[in-house]
Amino acid sequence: MAETTYAKGLEGVIAAESEICQIDGANGKLYYRGYSIEDLAAHSSFEEATYLLLNKHLPSEQELKEFSARMRESRGLAQPVLDMIAGFPSGGSPMELLQSVIAYLSGTVEHQIQHSDTCNCRRTLHQVAQMTSVLAAYHRFREGQDYVAPRADLSQGANFLYMLHGKEPTPQEGRIFDTCLVLHAEHGFNASTFTARVVASTYSTCYCSISAAIGALAGFLHGGANERVMDMVDEIGSKENIEPWLDKALAAKRKVMGMGHRVYKAKDPRAIVMENMMLDLARQRGETYLCEFLEQFEKAFRARMEEKGKPIYPNVDFFSGAVYTLLGIPRDLFTPIFAAARSSGWLAHILEQRKDNRLFRPKCLYAGPEPRQYVPLKARRATTGAATA
Ligand SMILES: CC(C)(COP(=O)(O)OP(=O)(O)OC[C@H]1O[C@@H](n2cnc3c(N)ncnc32)[C@H](O)[C@@H]1OP(=O)(O)O)[C@@H](O)C(=O)NCCC(=O)NCCS
């Protein structure tokens with residue numbers, strides 16, 4: 001038996017083999033199935049990237065046509081799903097809604113036989129197609145507006161903007177948002193993907209795996225940094241306040257949102273693409289203040305960190321919130337959008353897990369009391385500590 005080591009948070013532990021995503025953190029490179037994120041962002045639609053993640057190769061024209069048609073015909077939401085979204089308690093968060101809807105969707109399609117090592121991707125693909133529809137419907141209902149039915153002639157990204165705003169986006173807006181989905185589709189063995197694979201390893205359904213992964217992404221250590229970047233921009237208030245705000249924040253050892261990455265020790269390649277899209281959109285709209293603010297902020301932050309010998313670069317979240325804001329997307333949908341995009345990567349990992357499955361069952365290092373005598377209730381003395389559960 002191999003020697004067992006303990007790594008808190010499984011840091012540095014190799015928990016599975018995967019052919020899906022390669023991250024070269026030192027050089028700021030990211031590849032989906034061997035294709036660079038720069039090429040995919042420049043040339044692929046979200047549908048094509050999803051095909052690639054699920055099928056291991058880029059599609060031919062005919063394959064893409066059929067695959068896109070399948071995704072597009074799955075976009076619409078059935079009335080029971082719309083009723084569920086409309087009735088979701090207003091105190092719940094859109095991530096909780098998304099998690100619940102995914103589980104609910106399982107009952108709205110023909111039951112799948114998933115107790116084997118094969119998964120019927122044809123049916124589960126509709127989850128990927130429908131997640132942005134769910135978010136658009138949720139936002140419209142809470143604004144007192146009607147559901148907008150999807151359009152099959154638009155890309156996944158353009159269709160989301162159409163269903164959200166009830167107005168067709170410009171080709172540039174549609175393309176930019178679709179590329180945002182490509183950029184977030186996959187990123188290796190992060191917490192939510194690992195969660196999806198752990199659930200899949202029990203041969204639970206794709207619905208259970210994906211709703212569990214959404215739960216993992218909901219935590220602010222994983223999803224959510226882009227919302228916090230925008231909160232930070234609001235807190236700072238004006239470009240003039242950037243320098244004094246940074247002095248205070250860094251003196252207080254506060255983590256600056258959208259900066260730094262556990263894996264990338266160079267500029268996150270997705271951040272470079274996202275920054276360019278932000279600039280294009282802002283110039284085209286004539287709304288450049290937010291971009292100027294972020295660029296000035298990045299310069300000031302990096303100069304301070306370099307002075308301390310800590311080169312820290314922006315990650316994708318530093319710019320994505322600005323892109324979404326320019327596209328008129330409400331802030332509390334930023335993390336759910338991340339989930340909608342990542343669902344294609346999760347599905348690829350679920351399929352890969354099932355192909356060569358081994359139930360995840362790590363050990364824990366027991367640190368509790370040694371075996372001890374059970375004391376009958378009446379014989380116990382009152383304890384002083386407060387109950388913890
Ligand atoms: C993502 C994150 C947790 C990585 O942290 P990490 O692995 O500790 O990063 P590094 O080891 O490269 O950090 C080197 C140093 O820079 C500091 N640093 C890193 N990111 C920083 C940030 N955003 N703001 C201020 N200081 C930061 C670290 O505290 C560390 O300082 P130390 O040597 O005094 O301990 C961290 O950068 C962070 O919290 N970023 C903000 C949140 C965010 O944008 N998350 C989205 C990630 S996609």
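Counting starts at 1 for both ligands and their atoms, in listed order. Quick note: numbers below take in every heavy atom, side chains included, and nothing from hydrogens, waters or symmetry partners.
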Apply ring pair (Phe, Tyr, Trp, His ring centres under 6.0 Å) to His165 and list each qualifying residue two or more places apart in sequence or on a separate chain. none
N or O contacts of ligand 1 with protein under 3.5 Å, please list pair by pair.
residue	atom	partner	partner atom	Å
ligand 1	7 (O)	Arg262	NE	2.7
ligand 1	12 (O)	Lys265	NZ	3.0
ligand 1	23 (N)	Val256	N	3.4
ligand 1	23 (N)	Val256	O	2.7
ligand 1	23 (N)	Met259	O	2.8
ligand 1	24 (N)	Val256	N	2.9
ligand 1	31 (O)	Lys310	NZ	3.3
ligand 1	34 (O)	Lys310	NZ	2.6
ligand 1	37 (O)	Met259	O	3.2
ligand 1	40 (N)	Met259	O	2.8
ligand 1	44 (O)	Gly258	N	2.8
ligand 1	44 (O)	Asn315	ND2	2.9

If we ignore angles and hydrogens, is there a donor and acceptor under 3.5 Å between the side chains of Asn357 and Ser201? no
Which residue pairs pass the side chain to side chain donor-acceptor pair (under 3.5 Å) test with at least one member in residues 276-290, sequence neighbours excluded? Glu173-Arg285, Thr288-Glu292
Among all residues two or more places apart in sequence or in another chain, which pass the side chain to side chain donor-acceptor pair (under 3.5 Å) test with Tyr374? Arg380
Between Gln156 and Arg75, do the side chains contain a donor N or O and an acceptor N or O under 3.5 Å apart? yes
Under the salt bridge (charged side-chain N to carboxylate O under 4.0 Å, His left out) criterion, do Arg197 and Glu352 qualify, and how do the steps go? CA-CA 9 Å; Arg197 287 188 75 129; Glu352 186 175 65; 2.7 Å; yes
